[in-house]
Amino acid sequence: MSVNHKDIGTIYLYMGFWSGLIGLSLSHCMRVELNHPGEWLLGGYTYHSIMSMHAFMMIFFFVMPTSIGGLGNWFIPLMLKTKDLAMPRLNNLSVWLQLGSLFLMMMAFMSSGGLGCGWTMYPPLSSIEFMDGIPVDLAVFSLHMAGMSSIAGSINFLVTIFNMRLGALFFMHLNPMLIWTLFGTSILLVTSVPVLAAGLTLLILDRHFSTSFYYPEGGGDPILWQHLFWFFGHPEVYILILPAFGVISHILSRSSAKIHVFGKIGMSWASMGIAWMGFLVWGHHMFVAGLDIDTRAYFTAATLMIAVPTGVKVFNWIATIYGGMYRLKATHPSTFWALGFVLLFTVGGLTGVILANAALSTLLHDSYYVVAHFHYVLSMGAVFAIFGGFWFWFPFWTGMVPRKDLVLTHFCLTFIGVNCTFFPMHWLGLTGMPRRYQDYPEMHTAWQAIASAGGYCSFLAMGMFFATIWEVFLVERPLIFPFFVRSESEYYGTGAGEGNTVLPCGSHTNGQLPKFVIFKHKEKKPYYCTVIM
Amino acid sequence: MSQWGGTYYSMNFSMAASLSKFLYECIMTINCFVLTTVVCGLVMALSSGRVVGHCRKYLKNELLEAIWTIVPAFLIYLIASMSFYVLYMNGEHKEPTLFHSVITGHQWYWTYQYAMIDEMGKFFGFEHDSYALLNDVPSTSDDDTVLSKGDTYLLDVDAPFVIPQGMPGELLVTSDDVIHSWSVPALGITVDAVPGRLNRSPILASTVGVAYGHCRELCGVNHFMMPICVEIVTPATYLKFMKLEEIEE
């Protein structure tokens, strides 16, 4: 029952990785089924249940706990040079609510055949008429709990970032990128999760209390659910990727020995811009649902606009890499993950530019092209950033260093595996293979088989990851000279406490809160530093 | 239907589909240009250490940042203008509609209703169901619910949807139970079938032939088993088909 932000961050990391393994196994089940045409391994309902659970596990219980709960809890107090978050007991409540939510979701998976309506749970398929068991109700309550956990955690983060920063005057600069992106993520969570909660509550009322929010016979509309869900759902995907953006900025600036990312003010504005615009584009998930043509035109334009700040970020990362010494032998393993992120996230973002157009949704809606797009940005964006951040901060957390060749083998196997799995899906989508099919016309066999081969490769990659973790905890190789070059906020002493402590990081840091001092001599530039008095 | 191991749509049966595919190709060209720039930038940046040496202080360049904000914004503007053109071109027909069809999705088959106005100004029509052909042994010699030689599993149906070539028509799509989606990419049409709602799509097939499609919204266990087969026939054949079917009814 610890309220220490480091313990809570560690709990989130363990829970996240466990759920990630569950999600990965579920995806392997699907890839085995799709290896040949024909329903030969899993029945229809089981396949859809596995597919829905894969999505829930990965989104709500792997990426969000690891990047927001784990990294946010660990580094927001350290980077702001303060003792803990603003409300430590609320933090504890968040993590236990998240664990309860995970329990309910596993129950949903294992009762009455599982949850067969997809993670988007569109009524009427998710209504009591077509799914009258408890899995949908369990999933809804699981999302309610996860939502409460996220809202509580986000309020905690926002209060801490606004009020407990050392040098509170300097909001616009000297903040590390991870703080900026977690700030944007928290705002997105606090605003969009209540809308999801509303939609879920209406679904429960429809299912069990004879209301008709989503039934046309009673004056309702199934499209209402789609609006409510996607008004949350689109900010949700930016919630998944924004912390990853922050992690990549940290990794790349360190590996180029630069004190911060190139164009950091532009990067901060781009992150905030992506967060803000993310609220305005939910309709691109509903292009074929029967929206007015002018509405579709608006959502096309708004979605295309988000490509501009995202492109700015990618070019800024490339400029960060410029001027750094990158030699294969001397490169930190986390750098490979970051470089892979920059390349593959760009590919995913470009297919997103294609999908942003309502005119192309008549060809590509609910096809494997969409699956390819979001797996490129998630499975090769968010996941690469999580692995990169894990190895980047692993010496900080444990004081130990993994065997570099094992980490690189894991990276190479993962890189080959995910690309083999998801690149052919672009072709599958273009040749007309729809999503959520457990069997398909035989003409798609070639690319499905290659995608499944990639799935087996990433299974081996996960085995490699276990070997790496096992080896590092067995050998306990200590890190004597930290690789770290001071970041700007460390240099001026206003934050990023993780560079200033002894490795591994102790349980209680910043116990004597540092004071922020500005020396200014006549007309010279002011000199900032922190003093522990 | 596309080639085995194909990587792109192989058939266009309507102007809407051709325009959409042309838009896809234009945007893909721009995307390839951007990706090449990014890859070259990455390679240059990674090898810059050896060529230029450490540039630890290279942390901002306002001109460069302005260029890589404005040039992508301009490319996005280009893409958006092309996209708007295609969206509005495909959204409506200039010509008056000559035939109407109501398509109803069920778990797990489609119902097609045909309607026309005959020479005397009278409205006439009929409907039929369309099931996927089953991968099964035929029960009788003329069993038309199972695959026979030359049929493709999960693409061919027992009673295809017939539309005339060259005649502008209108599809009204709805559903009887859960949300389905009537999708035939070769015609450039994907319309969600939502219960309680009639979604409308214009349709104008430019060549005769057979186009295939699938249900594109998760609708239950047999979501994969409700394919769409559209037979595009000459207008004369279409009229014969309508009169024949009506007489049979």
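The basis for the numbers below is simple: all heavy atoms, side chains too, and nothing from hydrogens, waters or symmetry mates. The shown structure was predicted, so the numbers you read here are calculated from the model rather than taken from an experiment.
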Before you tell me yes or no, could you show the steps for B:Val221 and A:Tyr47 under side-chain contact (heavy atoms from CB on, under 4.5 Å), namely the whole-Å CA-CA distance, both residues' side-chain angles and the distance that decides it to 0.1 Å? CA-CA 9 Å; B:Val221 280; A:Tyr47 181 84; over 6 Å; no
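- For chain A, the nearby parts of B:Cys215 are the backbone and the side chain; heavy atoms of each come within less than 4.5 Å.
- Here the straight-line distance linking atom SG of B:Cys55 with atom CE of A:Met325 works out to 10.5 Å at 0.5 Å rounding.
- Counting heavy-atom pairs under 4.5 Å between each of B:Ala16, B:Gly41, B:Gly213, B:Gly220 and chain A puts B:Gly220 at the top.
- Annotation: the span from A:Leu350 atom CG to B:Cys32 atom SG amounts to 8.5 Å, rounded to 0.5 Å.
- Only the side chain of A:Ala446 comes within less than 4.5 Å of a heavy atom of chain B; its backbone N, CA, C and O stay farther away.
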Working note: A:Lys258 + B:Tyr58, criterion side-chain contact (heavy atoms from CB on, under 4.5 Å); need CA distance, chi angles, decisive distance, verdict. CA-CA 8 Å; A:Lys258 295 186 178 175; B:Tyr58 189 54; 4.3 Å; yes
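- Shown here for B:Thr69 and A:Val308, the closest heavy-atom pair between the two residues is O-CG1, 3.8 Å.
- Only the side chain of A:His48 comes within contact range of chain B, with heavy atoms under 4.5 Å apart.
- Neither the backbone nor the side chain of A:Ser127 comes within contact range of chain B, judged by heavy atoms closer than 4.5 Å.
- Counting heavy atoms from C-beta outward, A:Glu442 and B:Trp4 have side chains that approach closer than 4.5 Å.
- Among all heavy-atom pairs drawn from A:Met51 and B:Leu218, the shortest one is CE-CD2, 4.0 Å.
- In this structure a side-chain-to-backbone donor-acceptor pair under 3.5 Å is missing from B:Lys60 to A:Lys264.
- Residue contact with chain B, scored on non-hydrogen atoms closer than 4.5 Å, is absent for A:Gln448.
- Note that CG of B:Asn31 is 8.0 Å distant from OG1 of A:Thr351, once rounded to the nearest 0.5 Å.
- Contact of A:Pro123 with chain B is made through the backbone alone, with heavy-atom distances under 4.5 Å.
- Interface remark: A:Val312 contributes backbone and side-chain atoms alike to the contact with chain B (heavy atom separation under 4.5 Å).
- Nearest heavy-atom pair across B:Leu87 and A:Ala358 is CD1-CB, 3.8 Å.
- To the nearest 0.5 angstrom, B:Ile179 atom CD1 is 11.0 Å from A:Trp225 atom CH2.
- For B:Asn222, no part lies near chain A; criterion is any non-hydrogen pair under 4.5 Å.
- Using a 4.5 Å cut-off between heavy atoms, A:Thr431 contacts chain B through both its backbone and its side chain.
- Looking at A:Asp221, only its side chain comes within 4.5 Å of chain B, counting heavy atoms on both sides.
- Closest of all the heavy-atom pairs between B:Pro195 and A:Pro216 is O-CG, 3.4 Å.
- Atom-to-atom distance recorded for A:Tyr437:OH and B:Leu154:CG is 8.0 Å, nearest 0.5 angstrom.
- Contacts of A:Leu364 with chain B are made by both backbone and side-chain atoms, with heavy-atom separations under 4.5 Å.
- B:Phe84 touches chain A through its side chain: at least one heavy atom from C-beta onward sits under 4.5 Å away, while N, CA, C and O do not.
- Note: B:Leu42 CG to A:Ile321 CD1 = 5.0 Å, rounded to the nearest 0.5 Å.
- Aromatic ring centroids of B:Phe224 and A:Tyr440 lie 6.0 Å or more apart.
- Of the listed residues (A:Gly263, A:Pro441, A:Ser361), the one with the most heavy-atom contacts under 4.5 Å to chain B is A:Pro441.
- Each of B:Leu19, B:Val71, B:Leu35 has some count of heavy-atom pairs under 4.5 Å with chain A, and the biggest count is that of B:Leu35.
- Looking at B:Leu155, the atoms closer than 4.5 Å to chain A (heavy atoms on both sides) all sit in the side chain, from C-beta outward.
- With a threshold of 4.5 angstrom between heavy atoms, B:Glu62 does not approach chain A through any atom at all.
- Highest contact tally toward chain A, considering only B:Val34, B:Leu187, B:Asp177, is held by B:Asp177 [criterion: heavy-atom pairs under 4.5 Å].
- Judged purely by atom type and a 3.5 angstrom limit, A:Trp447 has no side-chain atom pairing as donor or acceptor with the backbone of B:Thr7.
- When heavy atoms are compared at a cutoff of 4.5 Å, A:Arg296 approaches chain B by way of both its backbone and its side chain.
- Side-chain contact between A:Phe315 and B:Glu65: absent, with no pair of heavy atoms (C-beta onward) separated by less than 4.5 Å.
- No part of B:Asn135 comes within reach of chain A, as not one of its non-hydrogen atoms sits under 4.5 angstrom from that chain.
- Contact annotation for residues 20-30 of chain B against chain A (heavy-atom separation below 4.5 Å, listed by residue number): B:Ser20, B:Lys21, B:Leu23, B:Tyr24, B:Ile27, B:Met28.
- By the 4.5 Å heavy-atom criterion applied to side chains, A:Phe262 and B:Asn61 are counted as neighbours.
- For B:Val38, the parts lying near chain A are the backbone and the side chain together; criterion is any non-hydrogen pair under 4.5 Å.
- Within the 4.5 angstrom heavy-atom criterion, only backbone atoms of A:Arg435 (N, CA, C, O) approach chain B.
- A search for ring-ring contact (aromatic ring centres under 6.0 Å, His included) contacts involving A:Phe423 returns A:His426, A:Trp427, not counting sequence neighbours.
- With a 4.5 Å cut-off on non-hydrogen atoms, A:Tyr214 does not touch chain B at all.
- Counting heavy atoms from C-beta outward, B:Asp192 and A:His365 have side chains that approach closer than 4.5 Å.
- Interface residue B:Arg216: backbone and side-chain heavy atoms are both found under 4.5 Å from chain A.
- In this structure, the portions of B:Tyr88 lying under 4.5 Å from any heavy atom of chain A include both its backbone and its side chain.
- Remark: side-chain polar atoms of B:Tyr9 are paired, donor with acceptor, to backbone N or O of A:Leu363 under 3.5 angstrom.
- Counting heavy-atom pairs under 4.5 Å between each of B:Ser48, B:Ser175, B:Ala17 and chain A puts B:Ser48 at the top.
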Evaluate side-chain contact (heavy atoms from CB on, under 4.5 Å) for B:Met82 paired with A:Asn357, printing each intermediate quantity in order. CA-CA 10 Å; B:Met82 292 190 286; A:Asn357 300 285; over 6 Å; no
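- Chain B forms the most heavy-atom pairs under 4.5 Å with one residue out of A:Ala356, A:Ala289, A:Gly311, and that residue is A:Ala289.
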Show the numbers, then the answer: is there a side-chain contact (heavy atoms from CB on, under 4.5 Å) between A:Ile318 and B:Met44? CA-CA 9 Å; A:Ile318 296 178; B:Met44 179 190 82; 6.0 Å; no
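- Residue contact with chain B, scored on non-hydrogen atoms closer than 4.5 Å, involves the side chain of A:Phe130 exclusively.
- Looking only at side-chain heavy atoms (C-beta outward), B:His214 and A:Met433 stay at 4.5 Å or farther from each other.
- Only the side chain of B:Asn199 comes within less than 4.5 Å of a heavy atom in chain A; its backbone stays farther off.
- Looking at B:Thr190, its side chain does come within 3.5 Å of a backbone N or O of A:Thr362 through a donor-acceptor pair.
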